Each structure stands twice: as C-alpha cells, then as structure tokens.
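Here the structure is a predicted model, which is why all the values come from computation and not from measurement.
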Amino acid sequence: KFAIFSKHFIGLPYDRLAEVVSGCGADGIEAPIRPGGHIEPAKAQEELPKLAEALKKHGLEITQVTSALVDTSPQSHAESLLRTAKSLGIERYRLGFFKYDLRRPLWPQLDEIKARLKDLVVMSKEIGVLPCFQNHSGAGYVGAAIWDVALMMRDFPADQLAWSFDIMHATIEGNLSWPAEVALVKERIGIAYFKNFIWENKRPQPSPLGDGIIGKPYVDMLRKEGYSGPVSLHVEYLRAKPTDSEGLATLVEATKRDMEVLKSWWE
C-alpha cells in the first residue's frame with residue numbers, strides 16, 4: 001500500500017486532508033500524532049477516530065502513526081495513544097528519536113535506550129501494535145549508522161520491533177554501503193520510507209523523488225527479498241504552507257508527481 005507521510009499537510013481540517021490525499025493517488029497516510037502534528041498525543045483518544053473516519057470516507061486508511069514515543073511514561077500518553085490506534089485497526093507506529101550525548105561513552109547510553117525500548121516493546125505487544133524505529137542521519141542520532149540499533153534489535157523478535165527504514169538517511173550515512181544495510185535490516189522492515197536527496201556543497205539537500213540519488217535499484221532489491229509491506233512517501237523539499245491556497249497547490253502537485261514516480265518504480 002502506498003501511503004503519504006502527511007507532515008507537509010499539517011494544518012488542514014481532517015475532511016480537507018482526506019480529499020487532498022485521495023487526489024494524490026495514495027491508499028492512506030502515515031499520520032503524525034505527536035507534538036505539532038495533526039493531533040497532540042493527549043487528544044489522540046478523542047481526535048484520532050475523527051481523523052480515521054474522515055479518511056475512510058475517501059477510501060483511505062492510516063497505515064502508521066508517527067509518534068514521539070521514547071518511553072512509556074504517563075506524560076507521553078503512550079498507552080492511550082497506542083490503544084486508540086489499535087482500536088482503529090492501525091497496527092504499527094513509528095517511535096520517537098533517541099540522541100547520543102557525545103561527551104559520554106556510547107555503550108552505557110545504548111544500554112539505557114535498550115531498557116526504554118524493552119518497556120515500549122512489552123506495552124506494544126500487550127496492546128497488539130508494532131513499534132518501528134526510523135534511522136535518521138546526523139552525528140548525534142542513535143541508529144544513523146544502522147548497526148547500533150540493529151544490534152539492540154537482536155534481543156527482540158522481529159514481529160515485536162521493526163524498522164521504519166529510511167533509505168535516504170541510510171544512503172547519506174553509508175553512501176555506497178546501502179545494499180549491505182538493506183541486507184542487514186531486510187527481515188525487520190515494518191514500513192519502507194521513500195524520499196530523495198542530492199549532494200550540494202558537500203551537504204545533502206532534499207529533492208523530488210525522481211531527481212536525486214535514490215532510485216529504482218532499491219525497489220528492485222526490496223522486491224527480490226520479498227518485501228510486501230507498506231511504503232511511505234515523504235515530501236520534504238518544499239517550504240510551502242498548506243493553509244495558503246497557492247502553497248497547498250504547490251504541495252499537492254509535488255506529491256502527485258513523486259507518487260507517480262514511486263509507483264512506476266514498483267511496476
């Protein structure tokens with residue numbers, strides 16, 4: 001199923017969001033339910049069913065909730081968010097980000113993070129949802145190098161902790177080694193992310209899906225490995241505002257174009 005990470009449409013009313021996404025050729029959305037997202041975590045129990053219903057009217061679904069969850073504390077509203085998601089048939093969610101304190105040894109920090117992950121895995125298993133970890137490029141991000149989180153994941157069954165695998169960030173970090181990283185995570189990909197970038201002045205810059213470094217060879221590799229899960233399109237190279245009519249038109253046009261490219265890679 002083809003989903004749109006709807007971050008760039010935050011601010012639209014639920015019905016308008018559903019109408020826009022339907023017109024972009026998607027099967028649903030990856031919904032940001034986190035501070036600053038479509039819905040604040042504290043209001044998920046009340047608001048998430050409304051969002052799901054608006055999407056359902058257009059034949060759409062929520063393939064994954066994107067959260068900011070890094071622990072199970074009451075302040076995170078983890079349990080109410082995940083139970084609400086499960087009640088709506090949403091079976092996976094993206095975890096929040098973990099960051100290293102580079103002034104301290106890293107192995108003890110990974111032990112601390114693993115304990116927090118274990119709490120989330122235990123809660124998620126009891127509720128019946130799958131936590132997914134996104135790799136993100138950058139010196140301080142846990143999982144940027146892939147191997148650190150892959151090692152931690154070995155302590156959990158694949159059906160209890162998976163990846164929201166981001167090929168763009170993996171390629172930024174690993175450059176030519178991305179096939180090895182895909183081989184490492186292939187059995188644990190809960191949802192595959194698609195976005196693109198170019199190198200500009202020695203720095204990565206987001207780009208339209210068809211114009212950058214990432215291409216069809218990645219899709220070919222996923223298909224060869226038998227991947228049949230959802231894919232999520234991320235459109236992060238524009239700064240237009242969806243609440244502005246011209247901005248929304250620009251965002252919709254870019255999303256349609258990128259979705260067409262993504263689907264062509266899977267044909």
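Interatomic distance, Leu233 CG to His8 NE2, rounded to the nearest 0.5 Å: 7.0 Å. For the atom pair CG of Asp27 and OG of Ser22, the computed distance is 10.0 Å after rounding to the nearest 0.5 Å. In this structure, CD1 in Ile167 is found 10.0 Å from CG in Asn196, a value given to the nearest 0.5 Å. To the nearest 0.5 Å, the span separating CG on Leu120 from OG on Ser67 amounts to 8.0 Å. Separating the CD1 atom in Ile29 from the CG atom in Leu55 is a distance of 4.5 Å, to the nearest 0.5 Å. A distance of 9.0 Å separates CD1 in Ile39 from CG in Leu81, rounded to the nearest 0.5 Å.
Residues Val20 and Phe9 approach most closely at CG1-CZ, 3.7 Å, considering heavy atoms. Residues Leu82 and Ser124 approach most closely at CD1-OG, 3.9 Å, considering heavy atoms. The minimum heavy-atom distance between Ile10 and Gly36, with the atom names listed, is CD1-O, 3.5 Å. Scanning all heavy atoms of the two residues, the minimum distance from Ser264 to Lys216 falls at O-CE, 4.4 Å. Annotation for Ala31 and Ile62: closest pair CB-CG2, 4.0 Å, computed over non-hydrogen atoms. Minimum heavy-atom separation, Gln64 to Cys132: OE1-SG, 3.9 Å.
In this structure Phe165 satisfies the ring-ring contact (aromatic ring centres under 6.0 Å, His included) test with no other residue, sequence neighbours excluded. Residues forming a ring-ring contact (aromatic ring centres under 6.0 Å, His included) with Trp199 (at least two apart in sequence, or on another chain): Phe197. Here Glu46 pairs with Lys50 under the salt bridge (charged side-chain N to carboxylate O under 4.0 Å, His left out) rule; sequence neighbours left out. Scored by the ring-ring contact (aromatic ring centres under 6.0 Å, His included) test, Phe5 finds His234 as partners (sequence neighbours excluded). Under the rule for a side-chain hydrogen bond (donor to acceptor under 3.5 Å, both in side chains), the partners of Asp71 that lie at least two apart in sequence or sit in another chain are Ser73. Among residues two or more places apart in sequence or in another chain, the side-chain hydrogen bond (donor to acceptor under 3.5 Å, both in side chains) test is passed with Gln109 by none. Residues satisfying the ring-ring contact (aromatic ring centres under 6.0 Å, His included) test with His169, not counting sequence neighbours, are His136. In this structure Arg16 satisfies the side-chain hydrogen bond (donor to acceptor under 3.5 Å, both in side chains) test together with Glu19, sequence neighbours excluded. The salt bridge (charged side-chain N to carboxylate O under 4.0 Å, His left out) search around Glu91 returns none, not counting sequence neighbours. Partners of Asp101 under the salt bridge (charged side-chain N to carboxylate O under 4.0 Å, His left out) rule, at least two apart in sequence or in another chain, are Arg103. In this view, Asp148 satisfies the salt bridge (charged side-chain N to carboxylate O under 4.0 Å, His left out) rule with no residue, not counting sequence neighbours.
Without hydrogens or angle criteria, Asp258 side chain to Leu209 main chain gives a donor-acceptor distance under 3.5 Å. In this structure, the side chain of Asn135 does not engage the main chain of Ala145 through any donor-acceptor pair within 3.5 Å.
By the 4.5 Å heavy-atom criterion applied to side chains, Leu51 and Leu88 are not counted as neighbours. With contacts defined as side-chain heavy-atom distances shorter than 4.5 Å, the pair Lys224/Asp220 does not qualify. For the pair Glu173 and Ile146, the minimum side-chain heavy-atom distance is 4.5 Å or more. Asp155 is not listed as a side-chain neighbour of Leu117, based on a closest heavy-atom distance of 4.5 Å or more. Looking only at side-chain heavy atoms (C-beta outward), Phe133 and Met152 stay at 4.5 Å or farther from each other. By the 4.5 Å heavy-atom criterion applied to side chains, Tyr237 and Lys195 are not counted as neighbours. Using a 4.5 Å cut-off on side-chain heavy atoms (C-beta onward), Trp265 and Leu222 make no contact. The shortest distance between side-chain heavy atoms of Met259 and Ile4 falls below 4.5 Å.
Within 6.0 Å of the CD atom in Glu53, the count of heavy atoms belonging to other residues, nucleotides or ligands exceeds 12. The number of heavy-atom neighbours closer than 6.0 Å to NZ of Lys263, taken from other residues, nucleotides and ligands shown, is above 12. For Glu47, the CD atom counts as densely surrounded, since its 6.0 Å shell holds more than 12 non-hydrogen atoms of other residues, nucleotides or ligands.
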Practice task
Decide side-chain contact (heavy atoms from CB on, under 4.5 Å) for Lys99 and Tyr141; before the verdict, give the C-alpha distance in whole Å, the side-chain angles of both, and the deciding distance to 0.1 Å.
Solution key: CA-CA 5 Å; Lys99 297 198 77 173; Tyr141 282 101; 4.2 Å; yes

Dump the intermediate steps for side-chain contact (heavy atoms from CB on, under 4.5 Å) on Thr66 and Arg34, then the final yes or no. CA-CA 7 Å; Thr66 291; Arg34 59 186 181 184; 3.3 Å; yes

**Prompt:** What's the verdict on side-chain contact (heavy atoms from CB on, under 4.5 Å) for Trp178 and Leu176, showing C-alpha distance, side-chain angles and the deciding distance?
**Reply:** CA-CA 6 Å; Trp178 68 264; Leu176 300 179; over 6 Å; no

With salt bridge (charged side-chain N to carboxylate O under 4.0 Å, His left out) as the criterion, how do Arg92 and Glu30 come out once you've worked through the C-alpha distance, each side chain's angles and the decisive distance to 0.1 Å? CA-CA 10 Å; Arg92 55 178 61 78; Glu30 177 188 348; over 6 Å; no

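Hydrophobic clustering (side-chain heavy atoms under 4.5 Å, transitive across Ile, Leu, Val, Met, Phe, Trp, Tyr) groups Met153 together with Trp107. In the hydrophobic cluster analysis, where Ile, Leu, Val, Met, Phe, Trp and Tyr join through side-chain heavy atoms closer than 4.5 angstrom, Leu110 is grouped apart from Phe97. Using a 4.5 Å cut-off between side-chain heavy atoms of Ile, Leu, Val, Met, Phe, Trp and Tyr, with links allowed through other members, Tyr218 and Ile172 fall into the same hydrophobic cluster. Hydrophobic clustering of Ile, Leu, Val, Met, Phe, Trp and Tyr side chains at less than 4.5 Å, counting indirect connections, unites Ile113 with Trp147. With hydrophobic clusters built from ILVMFWY side chains whose heavy atoms lie under 4.5 angstrom apart, Leu130 does not share a cluster with Tyr193.
Under the salt bridge (Lys or Arg N to Asp or Glu O under 4.0 Å) criterion, the residue pairs touching residues 175-190 are Lys186-Glu225, with sequence neighbours excluded.
Between Trp266 and Phe194, the ring planes lie perpendicular to each other; the angle is over 60°, past the 30° to 60° tilted range.
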